[in-house]
**Student:** 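Below: one structure in structure tokens.
Note that the coordinates shown come from a computational prediction; the quantities given were computed from them, not determined experimentally. Labels below follow one simple rule: chain letters A, B, ... track the order of the sequence lines, proteins then strands, and each chain is numbered from 1.
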Amino acid sequence: MIALAADRVGRRFGRTWALRDCSFEIPDGSVTALVGVNGAGKSTLLTLATGLLAPTEGAVRVLGTAPGSRGIHPRVSFLAQDKPTHRGFTVAEMLRFGRELNPTWDDEYARRLVDEAGVGLDAKIRTLSGGQRTRVALAVALGKRPELLLLDEPIADLDPVARDEVLRMLMAEVADTGTTVVLSSHALSELGNVCDHLLLLGSGRVRLAGDVDELLRSHRVLVHEPAGAHHVVEARGSIRLVRTEDPAAGTAPNLEELVLAYLRTEDAS
Amino acid sequence: MLEFRIDRQSGVPTYLQIVDQVKQALRLGVLSPGDRLPTAKDVVAATAINPNTVLKAYRELEREGLVAPQPGRGTFVRKSLASPGAGENSPLRTELTNWMNRARLAGMDRDDVIALFTAVLNENHPVKDAE
Amino acid sequence: MTWLAWRQQRATVVTIAALLMLCAITVLILEIRTSGLVEATQGEPEFFAGYRDAFGAANGLIFVLPVLLGAFVGAPLFAREREQRTHVLALTQSVSRTRWLTTKTAMAAGSALAATGLYQALYLWWAFSLRPLEPRDFTTDARSFLDATGPVPLAWTLFAVVLGAALGLLLGNALSAVVLTFGVVLGLSYADRALLRVNVGHDPGWGGGRWQTLWPSPWVEAGTLVLAAAAIIATMLWWLRSRLVTA
């Protein structure tokens with residue numbers, strides 16, 4: 001099953017293309033890291049999946065259907081960048097917000113998530129720490145029991161402890177319900193253990209996509225070794241990251257090395 | 001409950017770290033046949049890793065015949081790796097402790113002990129080529 | 001969705017209600033004094049000269065009210081959401097854009113209309129107690145007096161709130177939306193009163209104690225404003241569906 005698919009999707013704002021010719025498939029039950037430098041089109045891609053924006057060309061399919069003008073798919077939750085919440089609301093009112101606006105709402109579950117975050121129901125959102133606010137926002141997103149969870153930079157503004165807490169909460173949810181997660185992030189070192197799929201955007205195009213283990217297997221780092229027939233992704237002095245199926249060449253890269261190599265080079269593919 | 005320590009910098013794939021730590025627990029007798037391994041949810045709620053990684057590690061352990069999943073109940077230990085001499089009050093362990101004490105009395109510091117121990121270890125248990 | 005709209009506008013509604021209460025108390029005091037005076041003096045005009053200014057101010061407020069309501073109820077309605085990006089939050093729940101926009105607009109327009117309507121009633125109640133007097137004895141401006149009692153202030157309120165909401169949605173900035181709404185509605189209603197009617201219509205005067213027909217007829221004017229408000233709402237819906245950039 002494919003949770004999210006794009007077929008030659010493009011989106012233009014005025015004269016500039018934020019996304020161009022993007023095709024990919026994100027399988028059900030995966031946790032996908034959406035990476036790319038600022039302005040690579042990550043937020044645009046996530047917004048297209050919500051249906052708040054329509055693609056200029058191509059087609060997006062979310063849980064098997066095209067997001068229409070009627071709004072977001074009922075089984076999709078989206079947590080926008082900066083995690084907007086009503087700051088004057090109490091936590092209980094934020095949960096009521098979720099309940100009032102979603103016919104499929106699991107109040108008990110949402111309350112439990114908030115409770116696990118150690119946040120009181122009567123606390124005002126504006127008095128919460130960044131980590132607590134993120135966990136309340138996630139509780140609202142998860143309360144409708146989504147099959148697909150789209151998160152735009154969920155941990156960018158958090159300290160290391162809060163990042164760890166939020167990711168653990170998220171992973172427990174994945175283990176529990178098998179929810180498909182797509183999250184955009186710059187926190188490469190945190191993503192390594194969390195994501196099993198990667199979608200790397202550069203200048204609005206898909207540069208790299210697939211299963212993390214397979215991607216790591218198909219790339220090697222060569223130090224002082226000639227690249228030979230291997231496709232060189234990036235060369236920095238005598239260190240080369242190459243794309244190859246030959247497991248004997250060089251050493252295996254880690255996810256961070258792999259992603260950085262692709263982000264630093266514009267034309268590799 | 002068994003807890004896993006994941007070292008992101010080690011370069012060892014996460015699922016292998018879990019496999020190794022389960023085996024270590026089996027060797028030390030922390031886990032014995034019939035014990036239940038922590039569920040994927042327990043593990044990821046304690047360390048932020050992908051639950052699929054935990055399941056992959058458990059599949060690897062299952063392939064090696066060390067654990068077996070019981071549908072709806074969890075994954076259970078089938079085989080122990082504990083050797084009789086490794087337990088807390090085993091004679092071998094007591095002897096080794098006594099030896100360590102004598103070495104200290106003889107003026108050896110930690111590095112000296114490790115060097116001597118490793119040398120004797122390598123003579124008697126040469127490293128196998130393929131692990 | 002109704003709960004959300006109410007929760008978000010609760011503070012505004014309470015503020016309006018408090019201000020309205022203040023007006024009611026003021027008018028009540030004035031009414032008690034003037035009605036006492038009507039009884040005591042049998043409506044001799046010279047005793048009421050001192051209340052002309054107060055009555056004029058009470059009348060003027062009816063025409064300023066739509067401007068204020070447009071700027072302070074209409075303009076922040078969506079501008080504040082866009083400032084805090086909470087519109088993205090609302091629009092990514094299971095509620096359609098149309099419903100979100102119309103529920104919020106309806107609640108804002110409803111409370112603003114109630115405010116104008118209640119104030120009009122208050123004003124009329126005072127004017128009613130002065131009925132033994134000839135209107136020209138307590139007010140100088142016949143047209144304003146007549147306009148204040150009809151549908152025109154209500155229509156202006158609706159138009160102003162909807163226009164403010166639209167400007168807020170488009171600009172995404174509460175301060176500029178408030179200022180712009182204030183300016184535009186004030187300008188339009190001034191143009192309507194001072195220029196359009198002077199040039200096209202005529203002052204009805206007190207014509208032998210009978211109200212003469214106004215031009216444009218209050219119903220035509222109110223109808224035009226309601227149509228304009230409907231057109232603005234349609235534009236907002238179109239914009240929300242096709243243009244709203246959320247990133």
Side-chain angles (χ1 to χ4, degrees), chain A residues 27-33 112-113 116-117 131 135 154-155 158 160-183 185 187-198 211-217 221 250-258, chain B residues 1-25 31 35-64 67-77 129-131:
Chain A
D28 218 13
S30 64
V31 180
T32 302
R112 201 184 78 224
L113 291 175
E116 283 169 2
R135 292 183 71 173
I155 57 170
L158 303 182
V161 174
R163 282 183 177 196
D164 181 59
E165 282 175 2
V166 167
L167 288 177
R168 280 192 284 128
M169 172 183 175
L170 204 58
M171 289 304 107
E173 163 71 18
V174 172
D176 218 16
T177 61
T179 305
T180 310
V181 177
V182 179
L183 78 161
S185 184
L188 296 176
S189 55
E190 269 97 344
L191 293 183
N193 282 326
V194 167
C195 298
D196 47 38
H197 279 71
L198 183 72
D211 182 277
V212 168
D213 286 343
E214 278 169 28
L215 289 174
L216 290 176
R217 244 195 314 276
V221 179
T251 52
N254 63 35
L255 184 62
E256 201 169 345
E257 282 178 309
L258 179 71
Chain B
M1 192 188 88
L2 186 65
E3 276 158 355
F4 298 110
R5 176 183 167 273
I6 304 302
D7 184 352
R8 290 201 193 105
Q9 261 68 50
S10 71
V12 179
T14 307
Y15 85 96
L16 277 183
Q17 294 188 38
I18 294 174
V19 168
D20 288 345
Q21 287 174 38
V22 170
K23 284 183 181 170
Q24 181 77 358
L31 283 178
D35 286 352
R36 199 179 68 129
L37 291 181
T39 63
K41 192 186 175 188
D42 292 337
V43 175
V44 303
T47 41
I49 58 170
N50 190 308
N52 296 329
T53 310
V54 182
L55 298 177
K56 187 175 176 183
Y58 287 7
R59 275 199 303 276
E60 176 65 23
L61 289 163
E62 187 192 340
R63 207 177 55 78
E64 295 182 24
V67 302
Q70 296 186 11
R73 296 186 52 214
T75 306
F76 291 83
V77 175
D129 276 347
E131 166 69 22

**Student:** When heavy-atom pairs shorter than 4.5 Å are enumerated against chain B, which of A:Asn254, A:Leu170, A:Asp213 gives the highest number?
**Tutor:** A:Asp213
**Student:** For B:Thr39, is it the side chain, the backbone, both, or neither that has a heavy atom closer than 4.5 Å to a heavy atom of chain A?
**Tutor:** neither
**Student:** How close do B:Ala40 and A:Ala175 get, heavy atom to heavy atom, and via which atoms?
**Tutor:** C-CB, 4.3 Å
**Student:** Taking side chain to side chain contact (heavy atoms under 4.5 Å, CB included) as the test, write out the residues that go with A:Arg168, two or more places apart.
**Tutor:** A:Asp164, A:Glu165, B:Ala48
**Student:** For A:Met171, which of B:Val54, B:Asn52, B:Val44, B:Ile49 qualifies under side chain to side chain contact (heavy atoms under 4.5 Å, CB included)?
**Tutor:** B:Val44
**Student:** Would you name the heavy atoms of A:Asn193 and B:Thr53 that are closest together and state the gap between them?
**Tutor:** O-OG1, 4.4 Å
**Student:** Does any backbone or side-chain atom of A:Ser189 lie under 4.5 Å from a heavy atom of chain B? Answer side chain, backbone, both or neither.
**Tutor:** backbone
**Student:** B:Ile6 versus chain A, heavy atoms under 4.5 Å apart: side chain, backbone, both or neither?
**Tutor:** side chain
**Student:** Can you pull out every salt bridge (charged side-chain N to carboxylate O under 4.0 Å, His left out) where at least one residue sits in residues 45-55 of chain B? Sequence neighbours excluded, please.
**Tutor:** none
**Student:** Can you give me the closest heavy-atom contact between B:Asn50 and A:Val194, atom names plus distance?
**Tutor:** ND2-O, 2.7 Å
